[in-house]
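Below is one structure, written out as structure tokens; comments come after it.
So that the names make sense, note that chain A is the first sequence line, chain B the second, and so on, each numbered from 1.
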Protein chains: 2
Amino acid sequence: MRIGEVADRAGVSTRALRYYEEQGLIAADRTGSGQRTYPESAVERVQLIQRFFTAGLPSRTVRQLLPCVDTGHGSPEAFAMMAAERDRITAAMADLAAARDALDRLIDIAHHPTPEHCPALREPAWAPYDAAVTGA
Amino acid sequence: MRIGEVADRAGVSTRALRYYEEQGLIAADRTGSGQRTYPESAVERVQLIQRFFTAGLPSRTVRQLLPCVDTGHGSPEAFAMMAAERDRITAAMADLAAARDALDRLIDIAHHPTPEHCPALREPAWAPYDAAVTGA
DNA sequence: CTTGCCCTTGACGTCAACGTCAGGTTCTAG
DNA sequence: CTAGAACCTGACGTTGACGTCAAGGGCAAG
């Protein structure tokens, strides 16, 4: 498969694929004339990379991760990193949930025919998170 | 309150506060000599802004959102935007969950004393998402 | 008055994952 | 053989939320 087909099937641009190669995330064979050639598995690999990028992992981290995908085992540092990223993702999900709750509250408040300028806005319904947890 | 105290209490830099003002997210009174003065409520407001930023909302969107926080009601466009952002956040949470699952699987696979180079890696356990849903 | 910390504006730097353009080569269909 | 698609490398542009440095003004303590 050449780069265009991989791009189409994986839903990314060819520029992205060349960037991935530049970052050491995918390898490509070359034809005699220098054109890249990918195996079928490249499509899935690209989609996995995309999934990690979407989750906020930087390319440097993904680069350390992918060998584990290939070999099926990882160094202790790799484990630590994976665990750390897992925790980071979990925390990010909590942050998203908090923001969505704030939005929901805002939608709810603004949607109700507010009687006398809604006192609920005075309650720090979105603020006490850090104050309560951090306890600073 | 002057800018430094707000920054400390909200857990952001003074640069960030000036940036927020520049983007029309917070207003500040000025003393005769030009120094910014904030009310107590600024701390909560900044924390709310941070929460939205963390959730991936751009400053432009937050700027459209905050008047609804202040007035307690919003235009139909504001409603549409809030709903859209809510959906985007929900989708982002799903993406995070998918990436975390992939990581968990990777951790699980790599942690087990893999017998013969783990065939589970050959199952496209992380890929079929788009393929199955998009149906392309 | 001076030391020193906090404040001001202005402007350039950063980082990541690409987008985009330029200028040239290669493959493919007719 | 020739047009045109697809590919190549190289390099600069983009975006957002700030960081950081420069050069100066303001203000309470001693």
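- Among the nucleotides D/dC8, D/dC18, C/dC7, the one closest to the side chain of B/R18 is C/dC7.
- DNA chain C is contacted by both A/S33 and B/T14; B/T14 maps to the nucleotide lying nearer its 5′ end (nearest heavy atom per residue).
- Per the geometry, CD belonging to A/E5 stands 14 Å off C1' belonging to D/dC7, to the nearest Å.
- Put simply, CD on A/E22 is 14 Å from C1' on D/dC8, counting in whole angstrom units.
- With sequence neighbours excluded, no residue forms a ring pair (Phe, Tyr, Trp, His ring centres under 6.0 Å) with B/Y19.
- B/L57 comes within 4.0 angstrom of sugar-phosphate atoms only, judged by non-hydrogen atoms across all strands, and of no base.
- With C/dC18, C/dC7, D/dG19 as the choices, the nucleotide that has an atom nearest any side-chain atom of B/R2 turns out to be C/dC7.
- Following rounding to the nearest Å, A/I3 (CD1) and C/dT26 (C1') show an atom-to-atom distance of 15 Å.
- Sequence order on DNA chain D of the closest nucleotides to B/P58 and B/Q35 puts B/P58 first from the 5' end.
- Closest approach to the B/R36 side chain among C/dA17, D/dC7, C/dT8 is made by C/dT8 (side chain taken as heavy atoms from C-beta onward).
- Using a cut-off of 4.0 Å between Lys/Arg side-chain N and Asp/Glu carboxylate O, A/R86 and B/D104 are scored as salt-bridged.
- Look at A/Y19 and you won't find any side-chain N or O under 4.0 angstrom from OP1 or OP2 of C/dG19.
- The side chain of B/R30 approaches C/dT8 more closely than any other nucleotide in the set D/dC7, C/dT8, D/dG19.
- Within the 3.5 Å criterion, the main-chain N or O of A/L25 finds a donor-acceptor partner in the side chain of A/R45.
- Backbone-only contact: A/S13 has heavy atoms under 4.0 Å from sugar-phosphate atoms and none from a base.
- Considering only side-chain N and O atoms, B/S59 lies under 4.0 angstrom from the phosphate OP1 or OP2 of D/dA17.
- In this model, no donor atom of one side chain and acceptor atom of the other lie less than 3.5 Å apart for A/T37 and A/R2.
- At the phosphate of C/dC18, OP1 or OP2 sits under 4.0 Å from a side-chain N or O atom of A/Y20.
- Residue B/Q23 contributes atom CD, which lies 7 Å from atom P of D/dA17 at whole-angstrom precision.
- The base of C/dT20 sits within donor-acceptor range of the side chain of A/R15, with an N or O pair under 3.5 Å.
- Rounded to whole Å, the distance from CG on B/L17 to C1' on C/dC7 is 13 Å.
- A straight line from CD of A/E21 to C1' of D/dT9 spans 12 Å, rounded to a whole angstrom.
- Side-chain contact of B/E77 with B/S75: a donor-acceptor pair under 3.5 Å is present, judged by distance alone.
- To the nearest angstrom, C1' of D/dC18 lies 17 Å from CZ of B/R60.
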